[in-house]
Trainee: 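Pasting a structure below so you can have a look.
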There are 2 protein chains.
Amino acid sequence: MNGGLRERKRAATQETIERAAISLALEHGFENVTVDMICEASMVSQRTFFNYFGSKEGVIIGGTPAMPSNDHIDAFTRATGSNLLADFLTMITSSLLEREPDAALFKDRRTLIMRTPELLIRETARMSESEDQFVAIIMTRYEIQGLSPANQPELEDEARMVIALTAGVLRYVRHRWASSQPGASTRDLLSNSIELIHRITNDHSQQPKGTAH
Amino acid sequence: MNGGLRERKRAATQETIERAAISLALEHGFENVTVDMICEASMVSQRTFFNYFGSKEGVIIGGTPAMPSNDHIDAFTRATGSNLLADFLTMITSSLLEREPDAALFKDRRTLIMRTPELLIRETARMSESEDQFVAIIMTRYEIQGLSPANQPELEDEARMVIALTAGVLRYVRHRWASSQPGASTRDLLSNSIELIHRITNDHSQQPKGTAH
DNA sequence: CTAAATAAATGCATAGACTGCATAAAACAG
DNA sequence: CTGTTTTATGCAGTCTATGCATTTATTTAG
């Protein structure tokens, strides 16, 4: 059942189409590439293309919304760290990185997404598509941390705000990813972003930063 | 030149189409309404529809990105308040509210947008479409506040993060708008949201909130 | 190994959003 | 009233996307 011919062929076809699409889009710009062009380059029918990815955008940003693995979720809900936003952001970025094992392809995708408004919009929207699931995950963490279920509504509000903020920050992170050097550490990038947020929300307007530390 | 027949007719046509579109979409759901249906209801050709709004979504969320008025921008750049994020958010929401004088129509739009994922995505994206202009506005404020232009790059980063965060928070605010009662104060909504953000970013995990304060 | 069952790939027809281009109708300026 | 400038429309065509029927390939049961 596993590793059968069918499964392997399916994976191969998917990869062929994806690579063709990314390559074409990098060369001509996403909006100047038609689905037919991608199909011809990857030798499948248009119908097959849509069977795999559902939409033209899907071939770049992924046909199905990315959900963190159970391991990541566990690590998040049980984290002892006190910074909810940082931990959540870490979970999300980890699962994004892990989704694409091929580093070069990962970066090509990022580059493409950042230079194509349409794609960036979609990718950003992905987070809120799964909003309810994320809320559930955050609520689990609250629960494990022993927060009283009494004020569940307030906690849920808080969770939604965390997700909204994360979606915003992710835009920033993606931008950095796309222009990063090979050795760049995502961990550092995240902690810098969190620090930046702190500066902003605790803004005292006087000597906000810059030369500081 | 002003108040001419042409201009008035144009405004009337636009309003007719918008009302027809919103009404139809509220009744049948945005995705079940075709452009042809809107055209028939408002007695214009399809071509005219696209001349006015550019896209099916445009008729709901507005054909052109909303930019705050000069008054709002001035108020923002010269604000003495120390909370950059709060001030920026205030400027944005004010200009959104002011854009639609008809309160009932404003709420219909919000309701529609919140119940239609596709529209919500677009509306959210609107903010980043004008990102560069917003960055410029924020930089002006920094300048007026006497921040050294020496660390301009860092300040620009900070500005972009503020915009990203605002985009996130706006999602939350819109949600509240759509479900709010007539008398609800936007000012209160904003200050509650800001407070929520503070709780999150200063999170101490122990007694984070709920019964507190 | 063969035949039935299952899954995948394809072709075809069609809807619906959107654009370019040419033309007709309306409003305006002098 | 006449020439100019804006709007409105018609029409043909492109492109994404979906439903349905058919063919082809893989798997599994006997």
Side-chain angles (χ1 to χ4, degrees), chain A residues 1-18 20-22 24-25 28-65 112 116-119 121-123 125 129, chain B residues 1-18 20-22 24-25 28-64 112 116-119 121-123 125:
Chain A
M1 179 190 285
N2 188 17
L5 217 199
R6 232 175 225 173
E7 200 168 326
R8 271 177 293 141
K9 269 197 171 177
R10 198 165 174 48
T13 306
Q14 174 171 335
E15 198 184 320
T16 302
I17 301 177
E18 281 176 359
I22 292 174
L24 281 170
H28 303 110
F30 180 73
E31 53 275 25
N32 298 317
V33 175
T34 68
V35 172
D36 283 335
M37 286 166 71
I38 301 172
C39 290
E40 190 178 1
S42 44
M43 295 178 300
V44 295
S45 71
Q46 203 200 58
R47 203 62 188 74
T48 295
F49 176 90
F50 282 109
N51 282 341
Y52 271 82
F53 302 101
S55 75
K56 184 182 166 188
E57 284 151 8
V59 75
I60 307 293
I61 64 176
T64 51
L112 198 47
T116 314
E118 182 61 34
L119 292 175
I121 289 171
R122 287 291 162 184
E123 172 108 331
E129 270 175 44
Chain B
M1 179 188 285
N2 188 18
L5 216 200
R6 238 173 219 171
E7 200 168 327
R8 270 178 292 140
K9 266 197 174 177
R10 198 164 217 299
T13 306
Q14 173 171 335
E15 197 184 321
T16 304
I17 300 176
E18 280 175 0
I22 291 174
L24 280 170
H28 303 108
F30 180 74
E31 54 275 26
N32 299 317
V33 175
T34 69
V35 171
D36 284 336
M37 286 165 71
I38 301 173
C39 291
E40 192 179 1
S42 43
M43 294 177 300
V44 295
S45 71
Q46 205 202 52
R47 203 63 189 71
T48 295
F49 175 90
F50 282 111
N51 281 342
Y52 271 83
F53 302 101
S55 75
K56 185 182 166 188
E57 285 150 6
V59 76
I60 307 294
I61 64 178
T64 51
L112 196 48
T116 313
E118 182 62 30
L119 292 175
I121 289 170
R122 289 289 162 185
E123 173 107 331

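By convention in this document, chain letters (A, B, ...) are assigned in the order of the sequence lines, proteins followed by strands, and residues within each chain are numbered from 1. The analysis underlying the following values was restricted to heavy atoms, covering all of them including side chains, and did not include hydrogens, waters or symmetry mates. Only a predicted model underlies this, so the values are computations on that prediction, with no experimental measurement involved.
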Trainee: Nearest to the side chain of A/Ser55 - C/dC18, D/dA17, D/dT9?
Mentor: D/dA17
Trainee: Check this for me: does the side-chain of A/Arg10 come within 3.5 Å of the base of D/dT26 through a donor and an acceptor?
Mentor: no
Trainee: Could you tell me how far apart B/His28 (NE2) and C/dG16 (P) are, to the nearest whole angstrom?
Mentor: 14 Å
Trainee: Of the options C/dT10, D/dG10, D/dT27, whose atoms approach the side-chain atoms of B/Arg47 most closely?
Mentor: D/dG10
Trainee: For the pair made of CD in B/Glu118 and P in C/dA17, what is the distance, rounded to whole Å?
Mentor: 12 Å
Trainee: Counting side-chain heavy atoms from C-beta on, which of D/dT9, C/dA17, D/dT26 comes nearest to B/Phe50?
Mentor: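 Selected nucleotide (nearest to the side chain): C/dA17.
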Trainee: Could you state the atom-to-atom distance from NZ of A/Lys56 to P of D/dT14 in whole Å?
Mentor: 16 Å
Trainee: Measure from CD1 on A/Ile17 to C1' on C/dA8 and round the result to the nearest Å.
Mentor: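 Whole-Å distance recorded here is 12 Å.
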Trainee: Can you tell me how far C1' of C/dA17 sits from CZ of B/Phe53, to the nearest Å?
Mentor: 16 Å
Trainee: Is the number of heavy atoms from other residues, nucleotides or ligands within 6.0 Å of CD (A/Glu31) greater than 12?
Mentor: yes
Trainee: Measure CD/B/Glu57 against C1'/C/dA17 and give the value in whole Å, please.
Mentor: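 Those two atoms, CD and C1', are 10 Å apart.
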Trainee: Take the protein atom CZ of A/Phe49 and the nucleotide atom P of D/dT18, then report the distance between them rounded to whole Å.
Mentor: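 Taking CZ of A/Phe49 and P of D/dT18, I get 11 Å after rounding.
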Trainee: Go through the steps to decide whether A/Phe53 and A/Glu18 satisfy the test side-chain contact (heavy atoms from CB on, under 4.5 Å), and finish with yes or no.
Mentor: CA-CA 9 Å; A/Phe53 302 101; A/Glu18 281 176 359; 3.5 Å; yes
Trainee: Where the side chain of B/Val35 is concerned, which of C/dT10, C/dA17, D/dT9 is the nearest nucleotide?
Mentor: C/dA17
Trainee: Less than 4.0 angstrom from a charged side-chain N to a carboxylate O is my criterion; do B/Lys9 and B/Glu15 meet it?
Mentor: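 Looking at B/Glu15 together with B/Lys9, the answer is no, because their closest N to O distance does not fall below 4.0 Å.
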Trainee: Is any side-chain nitrogen or oxygen of B/Thr48 closer than 4.0 Å to OP1 or OP2 of D/dT9?
Mentor: yes
Trainee: Taking for each residue the nucleotide of DNA chain D bearing the nearest heavy atom, is the 5' side occupied by B/Arg6 or by B/Asn51?
Mentor: B/Arg6
Trainee: How about B/Asp36 and B/Glu40: do any of their side-chain heavy atoms sit closer than 4.5 Å?
Mentor: no
Trainee: Using atom CZ of A/Arg8 as one end and atom C1' of C/dA8 as the other, report the distance to the nearest whole Å.
Mentor: 16 Å
Trainee: Which sits closer to the 5' end of DNA chain C, B/Asp36 or A/Lys9, going by the nucleotide each is nearest to?
Mentor: A/Lys9
Trainee: Between B/Arg10 and B/Arg6, does a side-chain contact (heavy atoms from CB on, under 4.5 Å) hold up when you go through it step by step?
Mentor: CA-CA 6 Å; B/Arg10 198 164 217 299; B/Arg6 238 173 219 171; over 6 Å; no
Trainee: Looking only at side-chain atoms of B/Tyr52, point me to the closest of C/dA8, D/dT7, C/dG16.
Mentor: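 Nearest to the side-chain atoms of B/Tyr52, counting from C-beta on, is D/dT7.
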